[in-house]
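Residue numbers run from 1 in the order of the sequence given. Every number for a ligand or one of its atoms is a count from 1 in the order of the listing.
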Amino acid sequence: MRFDVVTLFGAMFDAVSELGVTGRAHAQGRWALHRWNPRDFTVDVHRTVDDRPYGGGPGMVMRVEPLEKAVRAALEGRAKAGLPETEVILLSPQGRRFDQSIAQSMARGSGAILVCGRYEGIDQRFIDRWVTQELSLGDFVLSGGEIAAMAVMDAVVRLLPGVLNDDESAVQDSFNEHLSGLLDCPHYTRPEVYEGEAVPEVLLSGHHANILRWRRRQSLAVTLRKRPDLIEAARARGWLSRDDEKFLSDLQREDDR
Ligand code: 9D3
């Protein structure tokens, strides 16, 4: 897997290439990161990557030419490495909302070119000519695309074979099939009692079947309360058992009282 990121702030990506699960996988050669700075493709003395918007208004707009040259360099680098043609993804508030199913499909590919905007926006002609996909993290305002690009890389890289060790893989996340797309149950570790607050007794019982049932029910209860949409989605996929449905309807009845 190879990511090429077009960014004015390449140093930000040290976070994914050097730290944590993604940093370890990077050191193991399971994925590569190439950074392309549009500023390095400018030709004027001031190395200008932005300019004032036609039509007026606040802020600056990223110029086409340095971005285009950076993307061309990334495409050429990937071709020379023998990689197939790839999506050019712009991280953008206008994009499709990134989710786990997009991460899963990206994890089956060879990577992508991720373009990060700064300033008020990017000249539309760059987007029209080069961008094949736009992704957003959701409805809030970031200062640029970099943190979104890192979120995408992190979500994809951790899905690659061999990236998570057995322990980490055993940690079932909120959107996989094992948890039926439900939120995770609460977790506890030592001490057994903290300032008078005890760990739920069932977890100390050593009774594996009871523990599994308790965790499943905790997941169902917390998901129903915080993300009822995920209960609906799990039901639609046939991921809820008769036991699950019975437990949920008992919860509803408790709530109605
Ligand atoms: C306040 C500026 N906005 C005017 C209404 C436009 C705007 C421009 C540039 C808003 C955000 C940005 C920078 N954001 C991103 O590049 C970005 C982003 C985001 O802000 N939120 C969620 N996902 C993403 S992906 C890229």
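- Proximity of Ser92 to ligand 1, defined as any heavy-atom pair under 4.0 Å, is confined to the backbone N, CA, C and O atoms.
- Residues satisfying the side-chain hydrogen bond (donor to acceptor under 3.5 Å, both in side chains) test with Arg52, not counting sequence neighbours, are none.
- In terms of polar-atom proximity, Phe140 is counted as a contact of ligand 1, with an N or O under 3.5 Å from an N or O of the ligand.
- For atom 4 (C) of ligand 1, the closest non-hydrogen atom on the protein side is Glu120 OE1, 3.6 Å.
- The shortest N or O to N or O distance between Val141 and ligand 1 is not under 3.5 Å.
- What sits closest to atom 9 (C) of ligand 1 on the protein, heavy atoms only, is Tyr119 O, 3.8 Å.
- A salt bridge between Lys69 and Glu65 is present, with a side-chain N of the basic residue lying under 4.0 Å from a carboxylate O of the acidic one.
- Side-chain atoms of Ser17 and Thr22, non-hydrogen and from C-beta on, never get closer than 4.5 Å to each other.
- Applying the salt bridge (charged side-chain N to carboxylate O under 4.0 Å, His left out) test to residues at least two apart or on different chains, the pairs with a partner in residues 105-120 are Arg118-Glu146.
- Residue contacts with ligand 1: Gly138 is included, with a non-hydrogen atom under 4.0 Å away.
- Ranking the protein heavy atoms by distance from atom 23 (N) of ligand 1 puts Leu137 N, 3.0 Å first.
- More than 12 non-hydrogen atoms from other residues, nucleotides or ligands lie less than 6.0 angstrom from CZ of Phe140.
- In Asp139, neither the side chain nor the backbone holds a heavy atom less than 4.0 Å from any atom of ligand 1.
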